[in-house]
Amino acid sequence: MNMALQIRQEGNEQRFINLKESIEDYTHIKGEIKTGIEDSERIEYQKKKILRELNGSEKDWKNYKWQLQNRFTKVEDIAEFLRFSGSERDEIKAVGKRYRYAISPYYMSLIDPENNMCPIKRQSIPSISELDDKGELDPMDEASWTPEELITRRYPDRLIIKVTNLCGMYCRFCQRRRLIGERDTHVPKDKLENAVEYVRANKEIRDVLITGGDAFLLDNETIEWLLSELRSIKHVEIIRLGTRTPVTLPQRITGDTELTRILKKYHPLYVNTHFNSPMEITNESKEACEILADAGIPLGNQMVLLNGVNNNKYVVRKLNQSLLKIRVKPYYIFHPKTVKGTSHFWVNFEEGVAIMESLRGRTSGMAIPTYIVNGPKGLGKTPILPNYLLYLGSEKAAFRNWEGKYFEIENKV
Ligand code: SF4
């Protein structure tokens, strides 16, 4: 072998050793960060226990209406499955008077009662920290960006319609907790009609996001009516639905094939969902996402960065890689909003930027969402990136790559 080739090959070998080493930490730790699929035996055990307690059957479990009717709304019932101290019970009762809670039996089955730091428990069981008054009820000032009841419009070509306050589970970090109220209420039809008329009258609107609460908790008839109305408007190019049911109530999709049959009639249609923890990726949530994907609906995930749930670079990498395996594209990571009653979930920007830095290069671009901060009072989604562009001049631009290596490229056409 000639000397130059031998040196080059030795260089390549070292190069591949370096690549392997750059993810060695994650390779070792990823087995310890379990998905719900990897922890399915424990979840199945909890499910059986819950079914016994509720006197329900396997058939009931698959019925989303049964899941909704049997949501856990009393601390005494939850205490059958989780260990609470006397003070914890009192705290949950105190928080419940201000912010209601309701947890589907399915989501309850994901909680690990042995783990006090369980990310599922943290998202669903009230914490005394919610009584901390830091923050605002409506930091995004949605109320001022409402040209018509139910509509929030912050951008020129798109808007959202909030169609219900109902959710499979009331997330403890919810940005719209002010709208959750004391009772489950769907929006009256005449208000929905007015919202549709607003879209019809504003020809620049090409993208409509139906959300809530949870858009999939409208009944099928109303979903069909709303989609057909919006589809009849020529300038509406795409329709998106925001739902956390694949995460908190997958039976809405797996147990009701009619819903998917309706959705697939109104393409191009997109679904944004909201997984925050690898533990939320279960056999049932996988089935729900696959049913939607098989119906030709692209799925995107909007994770919220939450202290004690996913503010860890390995957890986020595992979540994003696992989402791709169930055909969901990681779309956004939202910096938490300063919503009153959620301050125990807040993280600082350094943590978010470090997580983004840890993803780039170490996993495929498909597994890297955009990290977003929402500007206060409706200033809109603003991306946050680690800085890769070090210099931009008329002659050249200078960069660093994911490994911190410096390079320059001529800035000429
Ligand atoms: S599903 Fe969405 S709207 Fe409903 S409580 Fe959770 S975060 Fe809020």
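Because the structure is a prediction, the values reported are computed rather than measured. As the structure lists them, so they are numbered: ligands from 1, and atoms in each ligand from 1.
In this structure, G212 falls outside the shell of residues with a heavy atom less than 4.0 angstrom from ligand 1.
Salt bridge present: E290 and K286 bring a charged side-chain N and a carboxylate O closer than 4.0 Å. Salt-bridge formation is detected for the pair E88/K121: a Lys NZ or Arg NE/NH1/NH2 atom is positioned less than 4.0 Å from an Asp or Glu carboxylate oxygen. Look at K340 and E130 and you find no salt bridge, because none of the NZ, NE, NH1 or NH2 atoms lies under 4.0 Å from a carboxylate O.
Remark: atom 2 (Fe) of ligand 1 lies closer than 4.0 Å to no protein heavy atom.
Going from atom CG of D157 over to atom CD of E237 covers 8.0 Å, rounded to the nearest 0.5 Å. In this structure, the separation between CD on E284 and OG on S40 is 10.5 Å, given to the nearest 0.5 Å.
At a heavy-atom cutoff of 4.0 Å, ligand 1 is contacted by both the backbone and the side chain of C171. Contacts between M169 and ligand 1, counted as non-hydrogen atom pairs separated by less than 4.0 Å, involve the backbone only.
Contact atoms of ligand 1 toward C167: 1 (S), 3 (S), 4 (Fe), 5 (S) (distance under 4.0 Å to a heavy atom of the residue).
Protein heavy atom at the shortest distance from atom 8 (Fe) of ligand 1 is C174 SG, 2.3 Å.
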